[in-house]
There are 2 protein chains.
Amino acid sequence: MSCTSEYASQLRARGFRMTSQRLAILHALRHAETHLSPREVYIQAKQELPGLTEPTVYRTLEFLAENGLARTSQTGNGHLRYQIAGNDHHHIVCRICGDEMEVDHALLERLYHKLESDSGYMRIDSHMTFFGVCPQCQ
Amino acid sequence: MSCTSEYASQLRARGFRMTSQRLAILHALRHAETHLSPREVYIQAKQELPGLTEPTVYRTLEFLAENGLARTSQTGNGHLRYQIAGNDHHHIVCRICGDEMEVDHALLERLYHKLESDSGYMRIDSHMTFFGVCPQCQ
DNA sequence: AAGGTTATTGCAAAAACTTGCAATAAGGTT
DNA sequence: AACCTTATTGCAAGTTTTTGCAATAACCTT
């Protein structure tokens with residue numbers, strides 16, 4: 001896979017290493033259609049790499065998110081889920097039934113610019129999750 | 001305290017009950033200047049009510065948030081923190097040093113309206129946490 | 001291709017959080 | 001004021017997430 005070596009060199013450029021564990025976890029994220037919980041990642045990736053342990057999954061997901069290869073989503077109950085980086089969109093999830101839809105990044109662009117100039121903060125997180133009540137549940 | 005009975009009747013109106021545990025936890029949140037972790041709440045509130053247990057704190061915080069008496073803040077690492085409801089502002093926190101500043105609600109008003117009309121969702125969460133890189137760390 | 005440096009992993013134990021269920025107590029009713 | 005109903009709590013046991021440290025293995029250098 002070409003993307004594999006792409007990831008590897010991205011890491012090496014910053015002094016990190018590509019490992020079979022990281023690869024297995026990246027594969028799991030890539031093949032998922034949506035974001036996964038750490039446990040789901042563990043179950044998926046363990047099929048590819050049976051020796052994989054759970055602490056490694058937690059540490060790796062955090063590592064991938066810090067380095068821009070993965071992205072976190074907040075989930076109301078305070079548990080992070082992860083997805084592969086790349087699709088620049090956001091989510092709005094229903095507080096009641098959990099239903100979820102995508103929000104295009106363009107909608108937030110203006111807000112981010114304003115926030116950046118007002119606050120002086122840079123690189124404001126490009127994945128946001130909003131919570132509301134969906135039309136069904138209203 | 002007048003607010004005490006205010007809270008009590010808010011709950012009773014919906015068929016819930018006011019208890020010494022809920023009161024102790026509300027006090028802890030009220031006296032905090034910022035949002036607290038469940039453990040911090042536990043430690044505070046236990047001083048007022050020594051018999052209090054940790055599971056009760058978790059359940060109560062979730063309950064208070066669901067009923068609008070408390071508010072959750074997301075914290076990057078995926079752990080919820082809680083604060084008393086009332087101040088309508090948001091936070092932006094630095095991904096690197098953890099520094100934190102307030103963002104006025106007015107800034108988001110336009111976005112919320114747009115999101116609501118585009119998506120059909122209602123009552124979009126009125127507390128958002130953004131993540132970025134603060135001026136110091138840039 | 002072999003060796004050295006050190007980022008990364010696995011293991012084991014700790015801490016944080018959740019769940020089920022029987023006992024308790026809030027607050028409406030008599 | 002005593003009684004009933006049932007929301008709420010505490011306890012104990014489970015699951016999830018984190019942490020420290022010694023062993024391993026990327027990958028740079030020779």
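So you know, we letter chains A, B, ... as the sequences are listed, proteins then strands, and number each from 1.
- Going from atom CZ of B/R22 over to atom C1' of C/dA25 covers 12 Å, rounded to whole Å.
- Residues A/H35 and A/E100 bring a donor and an acceptor atom of their side chains to less than 3.5 Å of each other.
- A distance-only check finds no donor-acceptor pair linking the side chain of B/N67 to the backbone of B/L69 [under 3.5 Å].
- Between B/Q10 atom CD and C/dG27 atom C1' there is a gap of 18 Å when expressed in whole angstrom units.
- Under the 3.5 Å distance criterion, with hydrogens and angles disregarded, a donor-acceptor pair is assigned to the side chains of A/E109 and A/H105.
- Nucleotides of DNA chain C nearest to B/L80 and B/R17 differ in position, and the one nearer the 5' end is that of B/L80.
- Close to C/dC17, at under 4.0 Å from its OP1 or OP2, lies a side-chain N or O of B/Y58.
- First and last contacts of DNA chain D with chain B, using any nucleotide atom under 4.0 Å from a protein heavy atom and ordered 5' to 3', fall at D/dT5 to D/dT18.
- The six-membered or imidazole ring of A/Y121 lies away from that of B/F131, with a centre-to-centre distance of 6.0 Å or more.
- Comparing B/H79 and B/T56 along DNA chain D, the residue whose closest nucleotide (by nearest heavy atom) sits nearer the 5' end is B/T56.
- A/R12 and A/Y7 form no side-chain donor-acceptor contact under 3.5 Å, judged by distance and modelled atom types alone.
- For B/F16 and B/P55, each mapped to the nucleotide of DNA chain D holding its nearest heavy atom, the one lying further toward the 5' end belongs to B/F16.
- Under 4.0 angstrom from either OP1 or OP2 of C/dA16 there lies at least one side-chain N or O belonging to B/R39.
- When each of C/dG20, C/dC11, C/dT6 is scored by its nearest atom to the side-chain atoms of B/R59, the top-ranked nucleotide is C/dG20.
- Checked by atom type, the side-chain pair A/E48/A/H27 shows a donor-acceptor distance below 3.5 Å.
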